[in-house]
Amino acid sequence: MISPIVTGIFTVGYLAVTLWLCRGVRLDARSLALGGITCALTLVLASLYIPLPTGSAITAGSMLPLMLLAVVYDYRLAFLTGWITGILALFLIPTWQPVHWAQIFVEHLVCFSCLGYAGIFGGSQKRSILLGMALAIFLKFTGHVLSGVVFFSQNAWDGWGAWAYSLTYHLTSKVPEGIATGAILLALPVTLFKKMGKAGASA
């Protein structure tokens, strides 16, 4: 009984804080275009994955577009784009089809939009980006683990409890993928991208 309560508190708290952080976001034509491109890239990359022996999978860098949008442009736009992406994933990515209506709130509205937290501390310094990425990956991992405990405990391996199963399942996929995505993002010329974005906006 405690698992659904913890999951509910986490989900409601996350959505409330993220909605509050979205205040003041501008949805002009440029923002909508960037959000649409990011959404499309995320869905395509999430559809390409390498299956693992545990049953989980590592995608072809599906975390990167939303993180890059958050760091280079606006983390609030990344939140909104993540929510739209999560809803579209219901229909476009077979592996993201929910088994229960409540799972939509736990995973679909959390595990994409949380990547926007990569830019919450700013994108001008490597340290700020690293802290933001760590927070984003932690939130994504937590959302997936809680969803696994509540909605997929029946898939636990023989002799494994729901928590041990879900933690192991997602440790083998989300954490390595998150680390690889973070390394790629830190290697990219983020400062140059930001300058190009500002130049494009003023042109």
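Since we're looking at a predicted model, the values are computed, not measured.
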Hydrophobic cluster membership, [X] vs [Y], 4.5 Å side-chain cutoff:
X	Y	value
V12	V106	no
W157	L167	no
L80	L41	no
L69	L27	yes
L171	L139	yes

Compute whether any side-chain donor of one residue and acceptor of the other, for W83 and T18, lie under 3.5 angstrom apart.
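No donor-acceptor contact under 3.5 Å links the two side chains.
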
Side chains of T38 and T81: any donor to acceptor distance under 3.5 Å?
no

Mutual orientation of the aromatic rings belonging to W96 and H108 [parallel < 30°, tilted 30-60°, perpendicular > 60°]
perpendicular

Could you check whether the rings of Y169 and Y165 sit parallel, tilted or perpendicular, using 30° and 60° as the cut-offs?
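Taking Y165 first and then Y169, their aromatic rings sit tilted (interplane angle of 30° to 60°).
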
For M133 and I129, what are the C-alpha separation, side-chain angles and deciding distance, and is it a side-chain contact (heavy atoms from CB on, under 4.5 Å)?
CA-CA 6 Å; M133 287 190 304; I129 298 173; 4.1 Å; yes

Measuring from [X]:[atom1] to [Y]:[atom2], what's the distance to the nearest 0.5 Å?
X	Y	atom1	atom2	result
L77	D28	CG	CG	9.0 Å
R127	L186	CZ	CG	13.5 Å
I84	L32	CD1	CG	10.0 Å
T7	L146	OG1	CG	4.0 Å
L109	T11	CG	OG1	9.0 Å
L64	L115	CG	CG	10.0 Å

Could you report the tightest heavy-atom contact between [X] and [Y], atom names first, then the distance?
X	Y	answer
A78	G116	CB-CA, 3.6 Å
A136	A118	CB-N, 3.8 Å
A57	S173	O-CB, 3.2 Å
Q103	S147	CG-OG, 3.6 Å
S62	T42	O-CG2, 3.5 Å
S3	V149	OG-CG1, 3.5 Å

Checking the side chain of [X] only, and the main-chain atoms of [Y] only, is there a donor and an acceptor separated by less than 3.5 Å?
X	Y	value
E177	T59	yes
Y14	C114	yes
R76	L21	no

Does the side chain of [X] reach to within under 4.5 Å of the side chain of [Y], using non-hydrogen atoms?
X	Y	answer
Y73	L68	no
L88	C39	yes
T168	W160	yes

Please say whether more than 12 non-hydrogen atoms of neighbouring residues, nucleotides or ligands are located less than 6.0 Å from CD1 in I50.
no

Examine F138 together with Y117 and report whether their ring centres are nearer than 6.0 Å.
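Not under 6.0 Å, so no.
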
Give the C-alpha distance, both sets of side-chain angles, the deciding distance and a yes or no for side-chain contact (heavy atoms from CB on, under 4.5 Å) between V145 and W163.
CA-CA 8 Å; V145 168; W163 281 97; 4.1 Å; yes

Centre of F112's six-membered ring, under 6.0 Å away, within 45 degrees of the axis: is that where NZ or CZ of K140 sits?
yes

Among F105, F152, F151, which residue satisfies the ring pair (Phe, Tyr, Trp, His ring centres under 6.0 Å) criterion with H100?
F151

